[in-house]
Amino acid sequence: MNVMKCPADGKPLVAVEHDSVEVDWCPGCDGVWLDAGEMELLFDGRERLVQWLSGELSAVARMEKARRCPICGGKMDKLAARGAGEIVCDRCPKGHGLWLDQGELAVLLEHGHPSPGGEEVTAWLRGLFVE
Ligand SMILES: [Zn+2]
Ligand SMILES: [Zn+2]
């Protein structure tokens, strides 16, 4: 498998593992890539994630250049999170995953609804990236 590149600055992402869960972290900008499986663990059901990411994009966010999915290279959609201030995530429309800039993972963990078995992963991520 090719090394994934950071969608923000192109640096190689570093895989961080815990049991069978793996997140990809950028040492350059401190952003984190969550793939589809990890998103499911952190959000019980796709509906919840979709709902959380249905906030209104600001004019500034709309002007930003689209980032590329580290898996397929396609342009990602910008999605604003609801009730979380100005956080804008990038999601691959093909469902490969979600990119979170520095600090955004902390907000996601706060608003997430872990699925059964996802609490431990949430705690692990919090310990790694938030505390
Ligand atoms: Zn980066
Ligand atoms: Zn993709």
Side-chain angles (χ1 to χ4, degrees):
M1 200 178 121
N2 293 330
V3 173
M4 293 203 287
K5 301 260 176 68
C6 172
D9 57 27
K11 291 200 164 66
L13 297 178
V14 177
V16 188
E17 269 186 82
H18 174 74
D19 293 334
S20 56
V21 182
E22 187 188 292
V23 298
D24 299 280
W25 164 72
C26 175
C29 65
D30 237 357
V32 178
W33 171 256
L34 300 175
D35 74 20
E38 289 131 25
M39 287 194 297
E40 264 166 44
L41 279 172
L42 298 176
F43 275 86
D44 188 16
R46 209 183 120 73
E47 287 300 299
R48 279 219 170 102
L49 180 64
V50 169
Q51 206 184 19
W52 186 62
L53 291 174
S54 63
E56 189 146 337
L57 271 186
S58 68
V60 175
R62 269 196 291 263
M63 299 280 290
E64 276 176 31
K65 213 175 137 213
R67 288 173 173 165
R68 302 258 171 197
C69 170
I71 292 178
C72 69
K75 281 186 182 170
M76 293 196 282
D77 295 329
K78 291 199 179 293
L79 297 166
R82 289 173 94 94
E86 260 298 273
I87 93 156
V88 178
C89 313
D90 302 271
R91 190 179 61 175
C92 173
K94 294 193 181 118
H96 290 132
L98 185 72
W99 175 257
L100 298 154
D101 288 317
Q102 182 189 25
E104 292 177 350
L105 180 67
V107 181
L108 179 141
L109 293 177
E110 229 173 85
H111 290 78
H113 298 268
S115 56
E119 290 91 349
E120 206 208 312
V121 177
T122 301
W124 168 65
L125 288 172
R126 205 171 264 146
L128 265 184
F129 296 109
V130 183
E131 275 149 23

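Atoms considered below: every heavy atom in the structure, side chains included; atoms not considered: hydrogens, waters and symmetry mates.
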Donor-acceptor contacts, no H, no angles, side chain residues 35-43, under 3.5 Å, sequence neighbours left out:
| unit_1 | atom_1 | unit_2 | atom_2 | d |
| --- | --- | --- | --- | --- |
| D35 | OD1 | G37 | N | 3.0 |
| D35 | OD1 | E38 | N | 3.2 |
| E38 | OE1 | D35 | N | 2.8 |

Keeping [X] on the side-chain end and [Y] on the backbone end, is there a donor-acceptor pair under 3.5 Å?
X: R126; Y: L109; value: yes
X: E104; Y: D101; value: yes
X: D19; Y: V21; value: no
X: H96; Y: C92; value: no

First locate atom [atom1] of [X], then atom [atom2] of [Y], and finally report the distance between them rounded to the nearest 0.5 Å.
X: K5; Y: K11; atom1: NZ; atom2: NZ; answer: 12.0 Å
X: W124; Y: E17; atom1: CH2; atom2: CD; answer: 8.0 Å
X: M63; Y: K65; atom1: CE; atom2: NZ; answer: 14.0 Å
X: Q102; Y: C29; atom1: CD; atom2: SG; answer: 8.0 Å
X: K94; Y: I71; atom1: NZ; atom2: CD1; answer: 11.0 Å
X: D77; Y: C89; atom1: CG; atom2: SG; answer: 12.0 Å

Minimum side-chain heavy-atom gap [X]-[Y] below 4.5 Å:
X: C6; Y: P70; value: no
X: M76; Y: R91; value: no
X: D90; Y: L79; value: no
X: D9; Y: C26; value: yes
X: L125; Y: V23; value: yes
X: R68; Y: K75; value: yes
X: L108; Y: W52; value: yes
X: V16; Y: E22; value: no

Ring geometry between F129 and W25 (parallel below 30°, tilted from 30 to 60°, perpendicular above 60°):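 The rings of W25 and F129 sit tilted, inter-plane angle from 30° to 60°.
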How close do H111 and H113 get, heavy atom to heavy atom, and via which atoms?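 Looking at all heavy atoms of both residues, the shortest contact is O-CD2, 3.6 Å.
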P12 and V3: which non-hydrogen atoms are nearest, and at how many Å?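 Closest approach of P12 to V3, heavy atoms only: CB-CG1, 3.6 Å.
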Using the rule given for side-chain contact (heavy atoms from CB on, under 4.5 Å), can you reason through K78 versus E64, listing the C-alpha separation, both sets of side-chain angles and the distance that settles it, and then say yes or no? CA-CA 9 Å; K78 291 199 179 293; E64 276 176 31; 3.4 Å; yes
Walk me through it: do L100 and L34 pass the test side-chain contact (heavy atoms from CB on, under 4.5 Å)? CA-CA 8 Å; L100 298 154; L34 300 175; 3.7 Å; yes
Take atom CD in E119; do more than 12 heavy atoms of anything else shown fall under 6.0 Å from it?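 More than 12 heavy atoms, drawn from other residues, nucleotides or ligands, come within 6.0 Å of this atom.
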For the pair W33 and L98, evaluate side-chain contact (heavy atoms from CB on, under 4.5 Å) and give the outcome as yes or no after the intermediate values. CA-CA 6 Å; W33 171 256; L98 185 72; 5.6 Å; no
